[in-house]
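Pasting a structure here, questions to come.
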Amino acid sequence: MTKIDDYKNNSISAWCPGCSNFGILNAVKNAFVKLDKLPQEIVIVSGIGQAPKLPHYLKCNVFNGLHGRALPVATGIKAVNPELTVLTVCGDGDFYGEGGNHLLHTFRRNPDITSIVHNNQVYALTKGQASPTTELGVKTKLQFDGVREEPLNPLALAIIMNCSFVARGFAGDLEFLSEIIVAGIQHKGFAMIDIIQPCVTFGVHQSPWYKDKIYRLGNDHNPNDKEAALKKATATGDKIATGIFYINNKPIFPEKEINLTENFGTDKKVLTELEKSFC
Amino acid sequence: MTKIDDYKNNSISAWCPGCSNFGILNAVKNAFVKLDKLPQEIVIVSGIGQAPKLPHYLKCNVFNGLHGRALPVATGIKAVNPELTVLTVCGDGDFYGEGGNHLLHTFRRNPDITSIVHNNQVYALTKGQASPTTELGVKTKLQFDGVREEPLNPLALAIIMNCSFVARGFAGDLEFLSEIIVAGIQHKGFAMIDIIQPCVTFGVHQSPWYKDKIYRLGNDHNPNDKEAALKKATATGDKIATGIFYINNKPIFPEKEINLTENFGTDKKVLTELEKSFC
Amino acid sequence: MTETSIIICGQAGQGIQTVGYVLAKAVLRSGYYIFAWQDFQSRIRGGESSFRLVISEKPISSLPEKYDILVSMDKSNTPLYTPLIKSSGIIIAENGSGENFIEVPFQKIAVDIGGNKIYSNASAVGAVSGILGLDFKKIENVLKEEFSKKSDEVADKNIKVAKYSYDETVKNNSKKFPPVKELKNPGRKILTGNESLALGAIAGGCRFMSAYPMTPSTGVITYLSETSQKTGILIEQAEDEIAAINMIIGASFAGVRSLTATSGGGFALMVEGLSLAAMTETPVVVVLGQRPGPATGLPTRTEQGELNFALNAAPGEFPRFIFAPSDAVSAFHLMIKAFEMSQKYRVPVIILTDQYLADSYWTVEDFNFENIKLNDYFSKPEDVAGEFKTYSITDTGISERLKPGESENLVIADSDEHDQYGHITENLTIRKMMVEKRWKKLCLMTDEMNVVVPDGFDKAEIVLVSWGSNGGIVSEVAGILSKKGTKTESINYTEILPLKIPKEFFDKKRKFKIIVVENNFTGQFAGLLEKEGVKIDGKINKYNGLPFTAEEITGEIKKKYDKN
Amino acid sequence: MTETSIIICGQAGQGIQTVGYVLAKAVLRSGYYIFAWQDFQSRIRGGESSFRLVISEKPISSLPEKYDILVSMDKSNTPLYTPLIKSSGIIIAENGSGENFIEVPFQKIAVDIGGNKIYSNASAVGAVSGILGLDFKKIENVLKEEFSKKSDEVADKNIKVAKYSYDETVKNNSKKFPPVKELKNPGRKILTGNESLALGAIAGGCRFMSAYPMTPSTGVITYLSETSQKTGILIEQAEDEIAAINMIIGASFAGVRSLTATSGGGFALMVEGLSLAAMTETPVVVVLGQRPGPATGLPTRTEQGELNFALNAAPGEFPRFIFAPSDAVSAFHLMIKAFEMSQKYRVPVIILTDQYLADSYWTVEDFNFENIKLNDYFSKPEDVAGEFKTYSITDTGISERLKPGESENLVIADSDEHDQYGHITENLTIRKMMVEKRWKKLCLMTDEMNVVVPDGFDKAEIVLVSWGSNGGIVSEVAGILSKKGTKTESINYTEILPLKIPKEFFDKKRKFKIIVVENNFTGQFAGLLEKEGVKIDGKINKYNGLPFTAEEITGEIKKKYDKN
Ligand SMILES: Cc1ncc(C[n+]2csc(CCOP(=O)(O)OP(=O)(O)O)c2C)c(N)n1
Ligand SMILES: Cc1ncc(C[n+]2csc(CCOP(=O)(O)OP(=O)(O)O)c2C)c(N)n1
Ligand code: SF4
Ligand code: SF4
Ligand SMILES: [Mg+2]
Ligand SMILES: [Mg+2]
């Protein structure tokens with residue numbers, strides 16, 4: 001069995017003291033322990049932002065790519081080496097803003113990867129502009145008159161796009177969050193986990209505000225029921241559900257799981273056969 | 001009153017003989033007549049593909065831009081000159097594939113433009129690859145083993161994203177289609193009209209196949225009812241609904257409708273005032 | 001027959017490509033060399049298009065100014081292409097008049113014999129092969145191979161129609177051309193530049209390709225898709241070009257050789273990804289098939305307007321390889337080299353092609369598969385001492401490479417500036433070290449470059465310099481000029497960056513004139529040489545979307561230098 | 001006091017920028033010149049950062065190697081910045097020891113006097129101004145202006161704390177610095193490069209800006225957003241950089257001057273849009289704020305690594321303008337020129353800045369608003385004869401322009417190759433004409449370019465050539481070297497493309513050495529000159545993410561040329 005310390009590295013974090021990102025980091029480590037994944041079996045692909053620095057504070061394989069482009073990189077990795085456990089870690093700007101088109105089509109492609117989205121409703125690293133999930137009317141330096149654009153509902157979007165696994169976590173509920181992450185990783189297919197991640201620096205709401213409102217989805221919610229999932233995802237009112245909203249088992253990409261990394265060079269017989277068609 | 005001929009230009013079409021694009025072209029012209037729009041009042045922004053050649057076969061202002069990028073161009077035009085009637089004309093690859101991220105965020109931004117999507121379920125101009133709406137299993141030169149990715153449901157996506165006006169048309173039902181286009185243009189906000197556009201060259205299904213299945217949404221459908229709209233949009237079975245699925249009135253971008261094109265140069269008083277803060 | 005040139009013209013969708021291809025293959029098998037270029041519009045049906053086929057006893061890779069035979073499948077196309085036919089040439093069409101005109105009722109024969117006008121193409125094939133005096137058996141075989149994929153009946157009908165048309169033409173027309181002879185057929189092949197690139201990718205160990213369709217490069221992924229069941233290469237159409245390059249970066253990071261292909265507009269979208277590949281030192285091979293720009297430009301035409309873009313694309317500074325194949329053989333071998341170099345140096349490689357190279361059919365003597373040797377540039381985990389460093393500082397700038405998951409060693413890559421382990425850093429001393437590490441590779445990279453220079457070329461009066469797909473044309477021009485008395489040599493660059501320049505170019509007292517021939521407006525390759533201090537004596541540029549012909553270049557030189 | 005230099009250091013989030021800014025403004029109002037550079041990390045809280053402030057009686061735009069005063073707001077930062085302090089310098093901090101150390105309990109004073117440790121900054125401001133002998137009234141005013149935006153109470157408390165700290169410092173320390181005097185204050189301004197660009201955009205008639213946040217350029221849109229109610233400029237944050245450039249292309253097509261701003265990675269995503277602007281001849285102005293690459297690189301540091309990228313970015317060939325401001329005044333005026341030129345020639349204009357220019361505070365004597373004259377380059381619909389042609393062929397390459405919707409004239413633009421009306425064409429004769437039309441503009445465009453050259457510079461021993469933000473530094477170096485006996489001149493390029501080169505550079509017998517100073521590894525500007533045939537005698541490059549200091553360059557030159 002692996003231990004929390006197996007994933008510990010000695011980097012000094014660049015996150016703000018007290019940030020809820022630390023909670024997510026711990027939940028991720030916990031999930032790895034629960035799954036007994038060796039660091040070498042894991043690849044975390046991340047984008048650019050505060051949240052995407054996460055894999056630098058862990059021990060595992062890491063590809064810290066471009067802002068908005070974690071999904072295709074992760075897809076490429078998993079496509080050629082299905083033995084790896086591949087996750088993405090992104091910010092909400094990263095994942096829903098710059099990277100929106102990849103998300104839309106990853107729902108359709110359904111690679112077997114797990115995406116963790118630190119949804120702090122802000123572009124933190126660039127110092128506080130509105131993200132696609134910022135609420136209407138919130139004023140920022142750039143949205144000087146307040147946000148005019150309707151916030152995007154990631155869960156509803158994922159469900160309507162038949163995403164294979166859709167969940168919401170709360171950075172302040174480490175235990176449940178790590179359970180959700182475990183389930184997401186275990187799920188065969190694309191698992192999107194949106195995490196409410198209060199930002200102590202730029203955030204409109206802080207953890208205590210959320211604590212009152214957040215509840216865990218119970219056994220009465222059937223994640224195979226799309227309609228119910230959608231209802232939960234679009235529910236308005238004072239309560240915020242966390243947990244697994246939707247599960248939709250469907251073929252993954254690529255259908256044949258072959259470790260192509262073991263496959264070096266090309267059979268000259270094949271070449272010769274192909275060549276014939278040109279004679 | 002304007003007449004059909006007011007929109008006629010003498011270009012020779014590069015579309016295949018018999019293509020259903022011609023039906024859409026006529027429906028668009030009809031709509032302009034019904035709305036009594038002068039050619040000069042209209043701007044059509046298009047992408048790249050077979051369908052986006054449409055504005056070259058019309059008389060109006062035209063901006064034929066890049067593959068996938070019609071929406072932001074149209075948004076920019078309408079933002080600074082609200083007096084113009086701005087449409088986009090795109091292919092399904094153009095609009096849902098390359099341009100997916102703009103679509104996602106245009107739903108949120110809600111500019112007062114009307115988007116016509118020629119959904120022929122194929123990348124026609126590049127000779128027949130799968131588009132985001134091609135059905136599972138369809139074989140193409142590139143999707144040699146058949147399409148593996150789930151088709152995108154544009155209407156459901158639009159509705160869940162609270163798109164301001166969501167409709168489906170059929171290129172073979174000119175009359176109803178032009179009514180829908182009229183309604184879309186009249187609607188204040190972002191109107192997305194997905195049009196079933198059978199491709200005689202690469203298409204899996206042709207017009208007669210559709211004719212049997214297509215029906216017009218009647219008065220029993222209330223487009224203000226989001227749930228009903230979603231149900232219609234996700235309905236499976238043999239029938240294909242056309243008409244206005246969903247209407248959601250909400251603030252447009254930009255909220256203040258000011259014709260900035262009439263506004264030349266800068267008041268030096270403002271500059272002087274701003275300058276003071278740096279002293 | 002030593003050389004015959006044919007235009008087959010018609011509307012898009014009429015299948016003139018099939019006519020041309022069947023003829024080309026049959027002639028190839030009679031031991032001739034083939035070169036064929038396709039000229040088409042950005043549309044699916046209708047309009048104007050042509051398949052230009054040159055048949056020769058000698059290797060050939062350029063087009064003539066005027067052709068021997070016009071085969072017109074479409075009335076409205078005939079007048080457009082007639083001006084390209086020699087006065088001694090002939091026109092084969094459904095109807096028309098004049099001395100050089102051969103009337104063949106393609107459609108009538110198709111319907112009468114095959115029962116459907118879709119066999120008009122077979123009828124055209126038959127007529128032309130009759131005129132050429134081709135052994136019909138050759139045509140029959142090719143038709144069988146091509147159409148039995150559909151059904152035996154279709155194949156049969158094609159053959160029947162072709163045969164009828166062949167016999168009729170032979171009967172009704174005294175041959176006007178020296179017939180195609182039966183030469184020795186050493187098993188030559190014809191294939192397009194794109195097919196050749198794809199074959200090179202297979203030979204180069206490619207395991208993953210992702211791309212978004214874009215003319216003129218789509219053929220690469222299409223071929224790899226069609227053959228994927230045999231090769232085991234994984235193919236994925238991406239949602240956009242940004243996804244395509246990021247997917248292959250992922251796959252390459254995981255440990256497999258990966259490819260993408262696009263054109264200028266799509267490449268523009270890949271540029272940020274290119275810099276990601278460079279910063280993370282993840283090998284990628286990107287095919288950039290040029291077409292006339294800016295923006296959408298002329299999607300189906302040819303140009304060499306994106307050399308400077310390829311050289312300088314992407315934020316930040318890093319070394320890269322740029323190759324520009326001249327023909328199908330060169331495309332094949334450079335693709336293999338691209339994979340090898342990108343793996344060895346962990347840098348991006350760009351392969352510049354253009355519509356002329358990508359869509360043309362080229363004759364290949366032999367790919368020499370037996371000489372291909374791929375090297376595995378990954379280290380063995382057991383050879384790694386201590387904690388693994390993705391970006392270890394070495395004398396060469398090249399660091400050891402491991403695959404994630406293969407061993408306990410963790411592989412860490414970062415698009416931020418990073419330390420040797422791959423972790424993000426803001427230590428500016430490390431920053432400086434890393435910039436130097438990345439650039440240190442340049443020295444060895446330059447050693448890998450080959451520029452083929454004719455012996456004693458500096459004794460010539462004129463040295464024509466070209467790059468990429470103009471190689472064949474320019475070498476032909478050199479031959480023509482030399483024959484006419486102006487000693488001319490040609491040097492074609494296919495390995496462009498890091499740039500190597502023959503020392504003779506810098507000789508202040510050199511006697512030869514350097515004339516750079518390029519398919520662009522600004523003379524981009526000339527500029528590259530100038531930057532290094534080479535004086536350019538003349539530039540010949542074409543930018544209307546069409547390839548050069550040898551006659552054209554010869555004419556320009558004559559005009560400029562008053563050479564015979 | 002003639003010149004004093006100060007480092008204020010601390011963690012991100014501690015507000016050292018406020019300390020520095022308040023001091024800078026107060027000193028400015030005493031008639032001094034200010035220059036301040038900000039050095040920070042890519043994080044929100046913690047870590048290491050500094051605000052470097054130089055106060056001088058003379059204009060100044062560069063940083064010293066060593067500073068007079070260190071103000072440390074954070075214990076862990078103190079040892080990092082202490083090495084940058086002169087041996088005669090002093091350190092002001094909460095605690096420490098040594099002769100040059102002044103202990104000021106920032107936090108204690110903040111809590112005791114203001115009731116909250118957030119007033120520590122005010123305490124630091126007070127202490128430093130005490131040391132500098134600043135008239136406290138000046139500080140009080142600035143604090144009031146800055147903090148009364150929040151509330152009068154906050155302003156008051158800040159003032160109280162600062163005053164207390166000021167008095168204590170004055171009381172307890174014998175002054176070590178010649179005090180700040182009351183010079184004549186001619187109403188100078190301080191502002192960052194980004195603010196200056198934004199102000200230039202307002203003055204240049206900008207009506208629409210869309211951008212996606214990216215360091216170091218975000219400040220441009222932020223300033224325009226903050227002032228939008230006054231200016232009426234419409235601001236929209238885009239979902240990505242592709243949307244940003246396409247939105248401004250749309251707005252510009254509709255008829256308004258439009259702007260976007262980004263950094264290298266975002267610019268990469270705009271490259272296809274850039275070629276769309278070029279092909280459709282739609283004016284756009286794009287600010288490219290450089291930072292060290294490749295890829296994400298060092299987001300908050302400085303570099304000049306994207307000149308070649310800006311020069312060659314985008315598929316296809318087309319002319320463009322590139323400007324690279326040297327300081328705030330230059331940023332302001334070049335932004336206006338950018339708008340004018342892009343409108344006049346209907347071409348894209350790229351403004352190259354870098355973190356050094358964008359984030360630094362520069363002193364501006366006067367923007368001379370009264371001299372700004374904007375021209376309306378649109379035609380009057382009534383002056384248009386016949387059917388309107390968006391791309392009419394003219395002698396200059398410049399076509400008439402109209403706004404869609406303004407009249408019966410239809411405005412048609414196309415990213416495909418097009419005819420004069422703007423409709424898609426595959427006519428290759430028109431293609432050729434259109435390529436030539438687009439390039440014809442180059443001639444007049446070149447005439448618009450200014451390169452400021454000192455009189456008789458060719459009599460110097462050394463001519464230092466730089467571009468963009470290095471102008472001030474390099475001119476200082478020239479002064480130092482000249483004073484030491486090596487006659488040195490400096491030429492700083494702010495108007496880069498189309499490139500104009502002083503004829504003296506080409507003189508084979510020139511006596512002066514050309515040394516090019518750039519913040520990059522490969523010497524990109526040097527390469528540009530070389531391409532045109534200029535021999536470069538030396539290159540000085542820095543690429544660790546930090547700006548040059550004059551001492552550093554002087555040292556390099558000494559090393560290389562053994563010049564004292
Ligand atoms: C192409 C590109 N555009 C913009 C940026 C600048 N950028 C860096 S992080 C960021 C936003 C971060 O927000 P989010 O993804 O929500 O992460 P957070 O910092 O909030 O955790 C932006 C816009 C970039 N690095 N690359
Ligand atoms: C950036 C970019 N990528 C790819 C292309 C090539 N391309 C042109 S049209 C097209 C697809 C057309 O499909 P669709 O949008 O569905 O239009 P249709 O032709 O089917 O009407 C593609 C991929 C391009 N022009 N630009
Ligand atoms: S800015 Fe916000 S989200 Fe980012 S590390 Fe700080 S508190 Fe956390
Ligand atoms: S390819 Fe299909 S969609 Fe395009 S014009 Fe032809 S029939 Fe219409
Ligand atoms: Mg965020
Ligand atoms: Mg389509």
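Residue numbering restarts at 1 for every chain, and letters A, B, ... go by the order of the sequence lines.
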With D:Ile351 as partner, the option from D:Leu197, D:Leu259, D:Leu288 fulfilling side-chain contact (heavy atoms from CB on, under 4.5 Å) is D:Leu197
Going by side-chain contact (heavy atoms from CB on, under 4.5 Å), name the residues that satisfy it together with A:Thr261, two or more places apart in sequence or in a different chain.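 Testing A:Thr261 for side-chain contact (heavy atoms from CB on, under 4.5 Å), a comparison that skips the adjacent residues, returns A:Val80, A:Asn81, A:Asn259, C:Ala254, C:Val256, C:Lys403.
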For A:Lys8, the side-chain contact (heavy atoms from CB on, under 4.5 Å) test, sequence neighbours excluded, returns A:Asp5, A:Lys29
Output all donor-acceptor pairs under 3.5 Å across chain A and chain D; consider backbone as well as side chains.
residue  : atom : partner  : partner atom : Å
A:Ser13  : O    : D:Arg43  : NH2          : 3.3
A:Lys53  : NZ   : D:Ser42  : O            : 2.6
A:His67  : NE2  : D:Tyr212 : OH           : 2.7
A:Tyr123 : OH   : D:Tyr212 : OH           : 3.0
A:Ala130 : O    : D:Gln237 : NE2          : 2.8
A:Leu142 : O    : D:Ser225 : OG           : 2.5
A:Gln143 : NE2  : D:Gln237 : OE1          : 2.6
A:Asp145 : OD1  : D:Gln229 : NE2          : 3.3
A:Arg148 : NH2  : D:Ile235 : O            : 2.7
A:Arg148 : NH2  : D:Glu236 : OE1          : 2.5

Within the distance-only criterion (no hydrogens, no angle test), does the side chain of A:Asn9 pair as donor or acceptor with the backbone N or O of A:Leu58 below 3.5 angstrom?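 Present.
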The interface call for A:Leu142 against chain D, heavy-atom contacts under 4.5 Å, is both
Open item on the list: Tell me whether the NZ or CZ atom of A:Lys213 lies within the 45° cone about the ring axis of A:Trp209 and under 6.0 Å from its centre.
Closed with: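 Yes, cation above the ring, under 6.0 Å and within 45°.
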Identify which part of D:Leu269 has an atom lying under 4.5 Å from any heavy atom of chain A, answering side chain, backbone, both or neither.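 The side chain, not the backbone.
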ring-ring contact (aromatic ring centres under 6.0 Å, His included) contacts in which one or both residues fall within residues 126-153 of chain A, not counting sequence neighbours:
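Qualifying pairs: none.
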In this structure, is the centre-to-centre distance between the rings of D:Phe309 and D:Phe267 below 6.0 Å?
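Close enough - the centres of the two rings lie under 6.0 Å apart.
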